[in-house]
Amino acid sequence: MDRVDKMVGGQADVKLVSNAMANATRRKIMTMLLEGNRTMEEIAKSVPSMLDYHLQMLQQAGLIEIKDGLVVLTDFGKNFMETKTVKPAEVKTDLAGTRSLEVVELRQLLPCIADSTKFRIIARFEPALEGALKLLEPLFPRARYSERIGALIIQKGNILITIYSTGNVTMTMIRSEIEARETLDDLKRTINEAIVKGVTPVPREKIRVDHAEIYQYLPKTDCRICGEQSCYTFAIKLVGRETTLDKCTPLLEAKYTTNLEHIRALLEYL
Ligand code: SF4
């Protein structure tokens, strides 16, 4: 039996899923969501027409849901994408054949709830680095390649930059568009130099992520939905791996998009 059939449970559902995924725009939306939740406005930047229709098709197939203006993959949607996503063919052993990067998009500036003077950026490098991405980890003192999400996470001061193997880039805690452009140009320069001259490892710095830092980005409402007495206790347990981030469902609200993305990236350093 087909894996999709098993997960959804019936032939009619399989048809809904295959109809939903037969369209390139909807596949693009699903790939974006695999890299993180998005607001409708963010998706609309890449899908300027018939967005409601495409989202409805994906919703009917049970692949996505919309909560408080935030579009998220359902568990089924995540399973489906993990099954169907074509992973990078192979992790490369050197950068031979890798082409120089260009910044082709810088898409969104959303205020951050933890600090309203900071923004979240979505950008794109082309061509995608795919299997070469992991090789770039030694170029940055505070970088960590995550096999789980297929991304390189780089900490630069308070800024967290996540470069996905697909070429998408997200940055949190950015002060201005100028800082975003300078940060991207810096990254591009470092990576392109490595493509031409080879990777010269820099001394690595140990990154310590503690509960106080995680707490900064939690909603701080002490609502106890996560089952803990307070957000502070939740942060302690999160760092101690005694609980999981998905238990804090208030973080799924659109206004916390930046916070959620930032905490997710921080947790990759644990
Ligand atoms: S669910 Fe989230 S906001 Fe509520 S107490 Fe737990 S950590 Fe805090």
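In listed order, ligands and their atoms are each counted from 1.
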### Query
Sub-3.5 Å donor-acceptor pair from the side chain of E137 to the main-chain atoms of Y145, do we have one?
yes

### Task
Decide, yes or no, whether a salt bridge links E147 with K134 under the criterion of side-chain N to carboxylate O below 4.0 Å.
yes

#### Entry: Polar protein atoms near atom 4 (Fe) of ligand 1 [N, O or S; cut-off under 2.8 Å]
C223 SG

In a table with atom names and distances, give each donor-acceptor pair under 3.5 Å that connects a side chain of residues 261-270 to protein atoms at least two apart or in another chain.
| residue | atom | partner | partner atom | Å |
| --- | --- | --- | --- | --- |
| E261 | OE1 | R120 | NE | 3.2 |
| E261 | OE1 | R120 | NH2 | 2.8 |
| E261 | OE2 | R120 | NE | 3.2 |
| E261 | OE2 | T170 | OG1 | 3.3 |
| H262 | ND1 | T172 | OG1 | 2.5 |
| E268 | OE1 | S146 | OG | 2.9 |
| E268 | OE2 | R148 | NE | 3.3 |
| E268 | OE2 | R148 | NH2 | 2.4 |
| Y269 | OH | R142 | O | 3.3 |
| Y269 | OH | I153 | O | 3.0 |
| Y269 | OH | Q155 | N | 3.1 |

Donor-acceptor pairs are to be reported for all side-chain atoms of residues 187-204 against protein atoms at under 3.5 Å, with residues two or more places apart or in another chain.
| residue | atom | partner | partner atom | Å |
| --- | --- | --- | --- | --- |
| R189 | NH2 | D186 | OD1 | 2.7 |
| T190 | OG1 | D186 | O | 2.9 |
| N192 | OD1 | L101 | N | 2.7 |
| N192 | ND2 | L101 | O | 3.1 |
| R204 | NE | F140 | O | 3.3 |
| R204 | NH2 | A143 | O | 2.6 |

### Query
For R27, which residues count as a side-chain contact (heavy atoms from CB on, under 4.5 Å) partner, sequence neighbours excluded?
M21, A24

### Task
Test salt bridge (Lys or Arg N to Asp or Glu O under 4.0 Å) on R181 and E179 and set out the steps.
CA-CA 5 Å; R181 290 197 184 280; E179 184 177 58; over 6 Å; no

